[in-house]
Protein chains: 2
Amino acid sequence: MSLLAEAGVPESLWANIVQSCFAKRSQDVFTSSTHNVAPQKITIIGGRGRMGRFFTNQLASADRTVSVLESEDWDRADELLGSADLVMVSVPIEWTTEVIKRAAQYLAPTTALCDITSLKVEPVQAMLDHHSGPVMGLHPMFGPNVKSFVGEKVVACPGRNEESFQWLLELIEDRGGEVIVSTPEEHDRMMVIIQATRHFSRFSVGVFLAQEKVDIERSLLMSSPSYRQEIEIIKRLFAQNPNLCVDIMLATPERCQAIARLADTYDRVAMLVARKDREGLIKEFETCQNFILKMA
Amino acid sequence: MSLLAEAGVPESLWANIVQSCFAKRSQDVFTSSTHNVAPQKITIIGGRGRMGRFFTNQLASADRTVSVLESEDWDRADELLGSADLVMVSVPIEWTTEVIKRAAQYLAPTTALCDITSLKVEPVQAMLDHHSGPVMGLHPMFGPNVKSFVGEKVVACPGRNEESFQWLLELIEDRGGEVIVSTPEEHDRMMVIIQATRHFSRFSVGVFLAQEKVDIERSLLMSSPSYRQEIEIIKRLFAQNPNLCVDIMLATPERCQAIARLADTYDRVAMLVARKDREGLIKEFETCQNFILKMA
């Protein structure tokens, strides 16, 4: 890797590429699970959504029986949920708690219940409150456009009887994913930064570029590598569903408050720029330089 | 490349890596210029700065005679500038015009004069005003930490007698660089977006992360690829000289005004978030989605 380092290519970037390429190849290779455990009956609530389909495909290709419960199927909830070994909730953030409450009444005490939304405190608490069996909160840190788990992270927040989910976490890891264990509280605190404020910034820059009618094609031609990377990140955001993006910002009061604090920071720095306060800006830069450079 | 595309790896990213690796290798390969033109006497004003050293090395390794004029060498200006075929101004933005004015009086009418600062309207005009010979504005779109021109962009703004710079542009291209020709006006307009407002955003996010005392190492562990990319971009900014970063934001009134407009946009979007105005946010998202997705 030292050639990459000397050439100024971050290793993480190289790793991403290798993993993404491997992901494409490995799709054709995995036809059945590498685990020979008894088949599991799984029901995915919201399984026809984009993330739902990803998990349906992954689990079906591991020889699990996967059923789907969509909003129009609640009259079959007894059949679809009553005999499932695992029930996975894959619905938009704002419906998650309600759906958990509704689904829980059909579950056997042995059924493992998990959700895959991008919040964890509330859903995990709702699952613990309404279901007496195994509970785990999961958060796949990727969008539904990925081809496999290779190189992707899944945050897992154990709620109760985590051993019931061991096969699922191992399946994710066997397929190249990385499982990060966290408490729901730590997860939600981190996602305020990783998701909510970043979505806000990318979104706002997109709005700004449109407002200013920037000739993006020409700007990319004249650009620095950082700018090209940032434009790619913004394009990925705007390829998403607007509801998903807005949900991620509005999901909790903590997220809205952090976005307000970030907007204040932008304002404070912009004020120094407007005043052409070179000293003030350099002081801010240096304070923050110490913090940023001592990190990973 | 279709495997990369299917795997969701942007081709530009792959191209960057290949180019960076090639850059490292090609360093050892280039010992003399591929051009067999008469040796050129070059003087770089500010040649002991980091960018100055990069150009000194590149030109010296192409068998050019490179002299350096630093601030303490003005008593030798006659000797250093009077007989040069090319004089390159490589000083901080705020001194550029003054240095051009001062240097021009020592130049022969045949001397080619160029600068490499990140502004072009003012410096090119100053060079045209104070020197009667060949003039060109150059802006290398990379930092002094690069190893070679491979995969890097240089914006060239012809001022007068551009054929005198042909050998220099060819040398850059022969060594793997890309020369983008632009007017000083277009260049400066683009750099407001590519450099000034992006520096402001990255800078402000860094200040915010420090303020919030975010455990960046842990956040990277739980993060999405976009977040990791953004943290890398921010780290690169804070590895720079604070003066350089601040200069790029404050260089022109247009830059300061664009930063103020961007801060207003952040504010407007943050207000929608504070009001939990889901409809308003989705409307902004969709307006902007059309703009962003129709671009390159």
Side-chain angles (χ1 to χ4, degrees), chain A residues 3 6-10 12 17 20-21 23-24 141 155 180 190 193-194 198 204 206-208 210 214 216-217 219-224 226-227 229 232-233 235 238 242 246 249-250 256 259-260 262-263 265-267 269-270 273-274 276 278 281-282 284-286 288-289 291-293 295-296, chain B residues 3 6-10 17 20-21 23-24 141 155 180 190 193-194 198 204 206-208 210 214 216-217 219-224 226-229 232-233 235 238 242 246 249-250 256 259-260 262-263 265-267 269-270 273-274 276 278 281-282 284-286 288-289 291-293 295-296:
Chain A
L3 181 63
E6 281 184 69
V9 177
S12 61
I17 290 198
S20 301
C21 294
K24 178 65 188 88
M141 293 304 303
V155 181
I180 315 288
M190 285 298 183
I193 302 298
I194 295 171
R198 298 315 306 140
S204 304
V207 172
F208 178 71
V214 173
I216 310 239
E217 218 165 326
S219 76
L220 287 170
L221 199 67
M222 300 174 67
S223 74
S224 61
S226 298
Y227 178 78
Q229 273 181 288
E232 266 162 28
I233 291 170
K235 279 171 74 176
F238 283 96
V246 170
M249 294 193 282
L250 299 181
C256 296
I259 286 169
L262 175 54
T265 305
Y266 283 123
D267 258 346
V269 177
V273 170
K276 290 188 162 285
R278 170 178 296 272
L281 286 165
I282 289 177
E284 290 272 9
F285 188 100
E286 285 169 342
C288 172
Q289 192 169 41
F291 180 82
I292 300 287
L293 296 185
M295 75 197 191
Chain B
L3 182 63
E6 281 184 68
V9 176
I17 291 197
S20 301
C21 293
K24 178 66 189 87
M141 292 305 304
V155 181
I180 315 288
M190 284 298 183
I193 301 299
I194 294 171
R198 299 314 307 140
S204 303
V207 171
F208 178 72
V214 173
I216 310 241
E217 217 163 326
S219 75
L220 287 170
L221 200 66
M222 300 174 68
S223 73
S224 60
S226 298
Y227 179 78
R228 286 197 294 280
Q229 271 181 289
E232 266 162 27
I233 291 170
K235 281 172 73 176
F238 284 95
V246 170
M249 292 193 284
L250 299 181
C256 296
I259 286 169
L262 175 54
T265 304
Y266 282 123
D267 258 347
V269 177
V273 171
K276 292 187 162 285
R278 169 178 297 274
L281 287 165
I282 289 177
E284 290 272 8
F285 189 100
E286 286 170 342
C288 173
Q289 192 169 42
F291 180 82
I292 300 287
L293 296 186
M295 75 196 191

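Computation of the quantities below employed the complete heavy-atom set of this structure, encompassing side-chain atoms and omitting hydrogens, waters and symmetry-equivalent molecules. Lettering of chains follows the sequences in order, A, B, ..., and the numbering in each one begins at 1.
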Practice task
Drop me the distance from A:L221's CG to B:M141's CE, to the nearest 0.5 angstrom.
Solution key: 11.0 Å

Completion exercise
Assert top hit (heavy-atom pairs under 4.5 Å, partner chain B, pool A:F291, A:F285, A:F208) equals A:F285

Problem - Under 4.5 Å from a heavy atom of chain B, the part of A:I180 involved - result: side chain

Exercise for the section: Over all heavy atoms of both residues, which pair between A:Y227 and B:R198 is shortest? Give the atoms and the distance, please. Expected result: CD1-CG, 3.8 Å

Completion exercise
Nearest heavy-atom contact between B:S204 and A:T265 is O-CG2, 3.6 Å

Handout entry: Separation of B:K235 NZ from A:I292 CD1 (nearest 0.5 Å)
Key = 9.0 Å

Handout entry: Atom group of A:V155 that falls short of 4.5 Å from chain B, counting heavy atoms
Key = side chain

Handout entry: Nearest non-hydrogen partners of A:P242 and B:Q289, listed with the distance
Key = CG-OE1, 4.4 Å

Practice task
With a 4.5 angstrom heavy-atom cut-off, could you sort out which part of A:V246 is near chain B: side chain, backbone, both or neither?
Solution key: side chain

Exercise for the section: Side chain from CB out, backbone as N, CA, C, O: work out which of these in A:E286 comes under 4.5 Å of a heavy atom of chain B, or both, or neither. Expected result: side chain

Practice task
Determine whether B:L281 and A:L250 make a side-chain contact, defined as any pair of heavy atoms from C-beta on separated by less than 4.5 Å.
Solution key: yes

Completion exercise
Ranked by heavy-atom pairs below 4.5 Å to chain B, first place among A:C256, A:S219, A:A263 goes to A:S219

Problem - Toward chain A, the part of B:V273 with a non-hydrogen atom under 4.5 Å - result: both

Handout entry: Leading residue by heavy atom contact count with chain B [cutoff under 4.5 Å; candidates A:E284, A:M249, A:M222]
Key = A:M222

Handout entry: Pairwise distance CD1(B:I193) to OG(A:S223) - rounded to 0.5 angstrom
Key = 13.0 Å

Problem - Distance, nearest 0.5 Å, that separates CD1 of A:I194 from OG of B:S226 - result: 11.5 Å

